[in-house]
Engineer: 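Have a look at this one before I ask anything.
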Amino acid sequence: RPFKWGRIRDGKLVIENEFKSPEFFSRLRGSANPVVVGDELWCLTHMVLYGEPRRYFHLIVKLDGATLKPKALSMPFCFREIGVEYSLFMDVKMKEGRVHFITSLWGKDPAEIIVDINSFVFIGN
């Protein structure tokens, strides 16, 4: 599947760049806001394993800040437990060496989760 990005011009989306992305990316869904980290954009995504119950696994995708091409992908992780976990917020605090998330379990029980940045294992650069 192609990865496309563009800008809104005169009320319409105008595609500015497009390139092939790994097939695995078709399973990923967006979650939180992208975060600028140096010359990269870090994007929190998730994938769903359907069953009873559904299981959500999260991954961070590192994009090149200039081209938006994927550079690296974290190993999947859960915040608190395997199940339906949502996250609508991520912030990377490089000086602290931590990543902050706001999450919820099954759409309730919100919590701030703080993770040591070295806990993430990335495949790629």
Side-chain angles (χ1 to χ4, degrees):
R1 292 183 173 205
F3 178 80
K4 300 176 183 182
W5 63 270
R7 299 182 196 274
I8 303 294
R9 292 203 177 117
D10 298 322
K12 294 183 181 181
L13 176 62
V14 177
I15 301 299
E16 294 187 354
N17 201 351
E18 177 178 334
F19 50 85
K20 186 175 181 179
S21 62
E23 181 61 32
F24 177 73
F25 280 38
S26 69
R27 299 183 65 187
L28 301 180
R29 305 292 180 257
S31 258
N33 51 297
V35 177
V36 175
V37 180
D39 63 351
E40 300 173 329
L41 281 177
W42 287 24
C43 303
L44 180 64
T45 65
H46 67 276
M47 62 181 179
V48 179
L49 295 180
Y50 293 96
E52 290 297 325
R54 286 177 295 154
R55 294 171 288 165
Y56 283 37
F57 294 93
H58 306 275
L59 305 94
I60 295 173
V61 178
K62 291 182 180 181
L63 302 178
D64 181 278
T67 66
L68 298 182
K69 286 187 176 182
K71 292 176 63 175
L73 179 70
S74 76
M75 294 297 292
F77 60 91
C78 294
F79 293 110
R80 291 186 273 174
E81 65 182 51
I82 295 176
V84 177
E85 290 185 309
Y86 299 106
S87 180
L88 298 176
F89 176 83
M90 176 177 75
D91 191 20
V92 180
K93 307 277 189 181
M94 290 303 285
K95 289 182 182 177
E96 295 176 13
R98 297 190 176 126
V99 183
H100 295 240
F101 302 94
I102 302 295
T103 70
S104 69
L105 289 172
W106 303 94
K108 56 186 177 184
D109 193 22
E112 179 179 26
I113 306 293
I114 301 172
V115 180
D116 186 288
I117 204 162
N118 294 316
S119 298
F120 298 103
V121 176
F122 286 94
I123 300 167
N125 184 6

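Hydrogens, waters and symmetry mates are skipped; everything else that's a heavy atom, side chains included, is used.
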Engineer: For the hydrophobic clusters of this structure (ILVMFWY residues joined by side-chain heavy atoms under 4.5 Å, transitively), does one cluster hold both Val115 and Phe77?
Structural biologist: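 Cluster IDs for Val115 and Phe77 match.
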Engineer: Is there a path of hydrophobic side-chain contacts, each under 4.5 Å between heavy atoms, that joins Leu105 and Tyr86?
Structural biologist: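 Looking at the clustering, Tyr86 is in the same group as Leu105.
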Engineer: Output yes when a side-chain donor or acceptor of Arg98 lies under 3.5 Å from a complementary backbone atom of Lys95, and no otherwise.
Structural biologist: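 Judged by distance alone, no pair lies under 3.5 Å.
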Engineer: Quick one: are Leu73 and Phe24 in side-chain contact, heavy atoms under 4.5 Å?
Structural biologist: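 In contact.
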Engineer: May I ask you to test the Thr103-His58 pair for a side-chain heavy-atom distance under 4.5 Å?
Structural biologist: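 Not touching, per the 4.5 Å side-chain cut-off.
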Engineer: Mind checking whether Cys78 and Phe57 have side chains closer than 4.5 Å, heavy atoms only?
Structural biologist: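 The answer is yes, as the side chains (C-beta and beyond) meet within the 4.5 Å cut-off.
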Engineer: Taking the six-membered ring where the residue is Trp, are the ring centres of Phe120 and Trp42 under 6.0 Å apart?
Structural biologist: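 Distance test on ring centres: not under 6.0 Å, no.
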Engineer: Identify every side-chain donor-acceptor pair in residues 43-51 under 3.5 Å, counting partners at least two apart or on other chains, and give the distances.
Structural biologist:
from	atom 1	to	atom 2	distance (Å)
Thr45	OG1	Leu59	O	3.0
His46	ND1	Ser31	OG	2.9

Engineer: Considering only heavy atoms from C-beta outward, does the side chain of Leu28 approach that of Val61 to under 4.5 Å?
Structural biologist: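 Contact flag for Leu28/Val61 side chains = yes.
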Engineer: Looking only at non-hydrogen atoms, find the nearest pair between Lys4 and Ile15 and report the distance.
Structural biologist: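 It is CB-CD1, 4.0 Å.
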Engineer: Has Ser87 got a side-chain atom pairing as donor or acceptor with Ile102's backbone, closer than 3.5 angstrom?
Structural biologist: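 At least one qualifying donor-acceptor pair exists.
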Engineer: Find the distance between CD (Glu40) and NZ (Lys62) and round it off to the nearest 0.5 Å.
Structural biologist: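 Nearest 0.5 Å value for the CD-NZ distance: 5.0 Å.
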Engineer: Can you get from Trp5 to Ile8 by hopping between Ile, Leu, Val, Met, Phe, Trp and Tyr side chains that sit under 4.5 Å apart?
Structural biologist: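 No, because Trp5 and Ile8 fall into different hydrophobic clusters, even though each may have its own neighbours under 4.5 Å.
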Engineer: May I ask you to check whether Phe25 and Phe3 place their ring centres under 6.0 Å from each other?
Structural biologist: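 Centroid distance Phe3-Phe25: not below 6.0 Å, so no.
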Engineer: Quick check on the hydrophobic clustering: are Ile117 and Val36 connected, directly or via other members, by side-chain heavy-atom contacts under 4.5 Å?
Structural biologist: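 No; tracing contacts between hydrophobic side chains, which count when under 4.5 Å, never links both residues.
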Engineer: For the residue pair Leu63 and Pro70, establish whether any side-chain heavy-atom pair is separated by less than 4.5 Å.
Structural biologist: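 Answer yes - side chains close enough.
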Engineer: Looking only at heavy atoms, which two atoms of Pro34 and Leu41 are closest? And how far apart?
Structural biologist: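 Distance-wise, the nearest heavy atoms are CB-CD2, 4.3 Å.
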Engineer: Can Trp106 be reached from Tyr56 by stepping across I, L, V, M, F, W or Y side chains whose heavy atoms are under 4.5 Å apart?
Structural biologist: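 Linked within one cluster.
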Engineer: Should Phe122 and Ile60 count as side-chain neighbours, where that means a heavy-atom distance under 4.5 Å?
Structural biologist: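 They are in contact (side-chain heavy atoms under 4.5 Å apart), so the answer is yes.
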Engineer: Strictly distance-based, threshold 3.5 Å: is any side-chain N or O of Asp39 a donor or acceptor partner for the main-chain N or O of Asp64?
Structural biologist: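 No; zero donor-acceptor contacts below 3.5 Å.
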Engineer: Could you give me the CA-CA distance, side-chain angles and deciding distance for Glu16 and Arg7, then say whether salt bridge (Lys or Arg N to Asp or Glu O under 4.0 Å) is met?
Structural biologist: CA-CA 7 Å; Glu16 294 187 354; Arg7 299 182 196 274; 3.0 Å; yes
Engineer: I'd like to check Ile114 versus Val99 (side-chain heavy atoms, cut-off strictly below 4.5 Å). Are they in contact?
Structural biologist: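 No - every pair of side-chain heavy atoms lies 4.5 Å or more apart.
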Engineer: Starting at CD of Glu96, measure out to CG of Asp116 and round the result to the nearest 0.5 Å.
Structural biologist: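 Spacing of CD (Glu96) from CG (Asp116) equals 11.0 Å.
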